[in-house]
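Heavy atoms only: backbone and side chains are in, while hydrogens, waters and symmetry mates are out. Here is how names work: the chains are called A, B, and so on, in the same order as the sequence lines, proteins then strands, and each is numbered from 1.
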Amino acid sequence: MRTHLCGELCEAQVGEEVSICGWVNKRRDHGKLIFVDLRDYSGIVQVVFDPNFNSFSHEIAKKVRGEFVIKVDGVVKRRDEATINYKIKTGKIEVFAKKVSILSEAETPPFIIENRENVDETTRLKYRYIDLRSEEMQNNLRLKHSVMMATREFLNSKGFVEIETPILAKSTPEGARDFLVPSRLNPGRFYALPQSPQLFKQILMFSGFDRCYQIARCFRDEDLRADRQPEFTQIDLEMSFVEMEDVIETIEGLIYFIFKKVLGKELKVPFERINWNESIEKYGTDKPDLRYGLLIRDISDIFGTSGLKIFKDVLQKDGKVKALVVNEHSHGNSMEFTRRELDEFVNVAKSFGASGLVWMKVENDKIQSPIAKFLSAKEEEELTRTLDLKEKDLVLIVADESSKSSKILGSLRTYIAEKLNLLNKDEFKFVWIVNFPLFEWDEKENRLSPTHHPFTKPDMHTINLLESDPLKVKSLAYDIVLNGEEIGGGSIRIDDAKLQRKIFKMLGIEDEEIEKNFGFFLKSLEYGVPPHGGIAIGLDRLVMLLGRLESIREVIAFPKTQSAVCMLTNSPSEVKEEQLKEVFIKVVDGS
RNA sequence: GGAGCUGUCGUCUAGUGGUUUAGGACACGUGCCUGUCACGCACGAGGUCGCGGGUUCGAAUCCCGUCAGCUCCGCCA
């Protein structure tokens, strides 16, 4: 049908007869001459319809409109020096049309493709087939494809086997909310779409595949965010006879390979590592952005004898006074915060759950602050020395329960970094978070819950605390963080049925529930299991960051809105009564 | 479940109680135009101001509710 792609035509084809197909990007009608910019995925080329050259095709070109799909047979000609368009790759040539066929007419498009950046996302999602024609979306999805290709190439070369696991899987009440699928053949029973192929990939290790991976679709029925969709894709892998170091090394190799292959960028490996508690202490989060400083400091000691009620009360209740130092060093240039901006920080901190925020700024070598008059000379001196305060430095202080004050300042840290433009968009800063606690305390349920997941192996150096102080037990889990986004996480898994059962029990799962939900898995652990571990990398997030994009929706062809609706197909939708009957479902309350 | 922001021709937007018969740009239609590439010129068509209620002599504008989209908190083992 065609001999060339629009974007690949160049001076080499001058004089040749070519056939090209594509969408009409733009038509410019000069009465006699008509110019059409023809677009396919490779690029744009100008087609000239000249009545003196071919009057028949010129007549047809009069009817052509934007987004029509046409086929053009013509001759490639070199453009006159004066008419060269240096803005496009094919600007030195043009195609003189001998014959044109309209393959498909098109309604006037709801938006101009080149203008998509300014168009409401709802409209773009409703007409996703048009949005996807844009250079940006083509690039984004092709970028994702390249990452998938590189992943397969790398893992295949390391002895991994790609194995599929069920999409119709088993519901386990642990973890995220499941998407349920009713079973027509088994009335009243349900499959669940997998939140991850976790247990299947472990069992494949028990089956002796040694190493396997899959580019796996995962489903979680939780609320959406800019970086979260109800269905998303993970690079999911599992390895036998390995320790944490082996998995980490494999992933560093994979990420290095992807960046080299896809962006031509050589990353520094190995990546930095931070202990989980250090991450929380210094950055107030388990996914720190290391592209900038703004460290959190514990200044409780300074206020140990303080008469200041807001600090005294917190410290007496075992809380902490913590500070975020915003200084010229981390900012890169001189700064001055207005009263209005300081008030804004207070409000932002409150929106993150702070009961208050105290600010201090150094002006003319004096500390200015709403609490300045309550500070003793000694406290002021210690603050200046401990935090190494210089002229114009700003200190933001939160006093609260230790982890809460860290978390609030961590959120504030991100907010300020964005506001002060501390983020280098071209930098890729990876970091491993290690030494996670095995459990967290679930305030609402009043029981232990796993930090990673219940199959994570405890760090054997701390296993003796399992009974006495379970919250102090560390795990062999690891997260990989890129520019403040968690892009993956994994662990060495429990390979002992007795320990696995004990962990389930500690999580407060009844014996009966354990049998019902995990009986098959506990049994599989009893027939010869290799030490094993793995990791899952969030493919969409990784590609989003690789493409320096703001939203995961930009790397998913047909994403859902924040209320989990597909604007293109209008799913989810109601179904016919008969369909419901077949699967024994009765809608009780649709509201 | 909660907080914030947004909603005006196909698209992007101006309009903060009366001069609005809701204005502009792009797109669209018709005509003219042989070198444009953000083509140009002329004319034209196109709006339940998200929806419902209220306040007012008068509402796109103020108030209440509601819906939708986005960002965030909770949630995401």
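A donor N or O paired with an acceptor N or O is found under 3.5 Å between the base of B:C75 and the side-chain atoms of A:R228. A donor N or O paired with an acceptor N or O is not found under 3.5 Å between the base of B:C37 and the side-chain atoms of A:R27. For B:G74, its base sits under 3.5 Å from the side chain of A:R225 at one donor and acceptor pair at least. Judged by atom type and distance alone, A:E94 reaches the base of B:G35 through a side-chain donor-acceptor pair under 3.5 Å.
Distance CD1 (A:I44) to P (B:C37): 15 Å, rounded to an integer number of Å. Between the OH atom of A:Y415 and the C1' atom of B:C73 there is a distance of 15 Å, rounded to whole Å. Remark: P of B:C75 and CD of A:E443 are 11 Å apart, rounded to the nearest angstrom. Separating the CD atom of A:E121 from the P atom of B:A68 is a distance of 16 Å, rounded to the nearest angstrom. The distance between atom CZ of A:R116 and atom P of B:C12, rounded to the nearest whole Å, is 13 Å.
Only the C1' atoms considered, B:C37 is 26 Å distant from B:G44, to the nearest whole Å. Rounded to whole Å, the C1' atom of B:U66 lies 43 Å from the corresponding atom of B:U30.
Of the listed nucleotides (B:U71, B:C75, B:U11), B:C75 has the atom at the smallest distance from the side chain of A:R177. Distance from the side chain of A:S563 is smallest for B:G69 among the nucleotides B:G69, B:U71, B:A38. Of the candidates B:C12, B:C76, B:C37, the closest approach to any side-chain atom of A:D37 belongs to B:C37.
In this entry B:C5 has B:G69 as its Watson-Crick or G-U wobble partner, both defining distances falling under 3.5 Å. Pairing for B:C39 is absent, with no Watson-Crick or G-U wobble pair whose two atom distances lie under 3.5 Å.
Between A:E238 and A:Q202, the closest heavy-atom pair is OE2-CG, 3.8 Å.
Phosphate contact (OP1/OP2 of B:A27, side-chain N/O of A:K26, threshold under 4.0 Å): present. Listed pair A:K32 / B:C32 fails the phosphate criterion, with no side-chain N or O lying under 4.0 Å from OP1 or OP2. Here A:Q562 reaches the OP1 or OP2 of B:U71: one of its side-chain N or O atoms lies under 4.0 Å away.
A:K407 comes within contact range of the sugar-phosphate backbone alone, with a heavy-atom separation under 4.0 Å but no base atom that close. Within 4.0 Å of A:D120, counting heavy atoms only, lie sugar-phosphate atoms of the nucleic acid but no base atom. Residue A:R79 is in base contact, counting any heavy-atom pair closer than 4.0 Å across all strands shown. Within 4.0 Å (heavy atoms only), A:P450 reaches sugar-phosphate atoms of the nucleic acid but no base atom.
No hydrogens or angles considered: nothing links the side chains of A:Q562 and A:R228 as a donor-acceptor pair under 3.5 Å.
For the salt bridge (charged side-chain N to carboxylate O under 4.0 Å, His left out) with A:E515, the lone residue among A:R501, A:K523, A:K505 that qualifies is A:R501.
The residues A:K560 and A:E231 are annotated as salt-bridged, a charged nitrogen and a carboxylate oxygen being separated by less than 4.0 angstrom.
A:I408 contributes atom CD1, which lies 12.0 Å from atom NZ of A:K350 (distance to the nearest 0.5 angstrom).
Aromatic stacking of A:H30 on B:C33: not satisfied for centres closer than 5.5 Å together with planes under 30 degrees.
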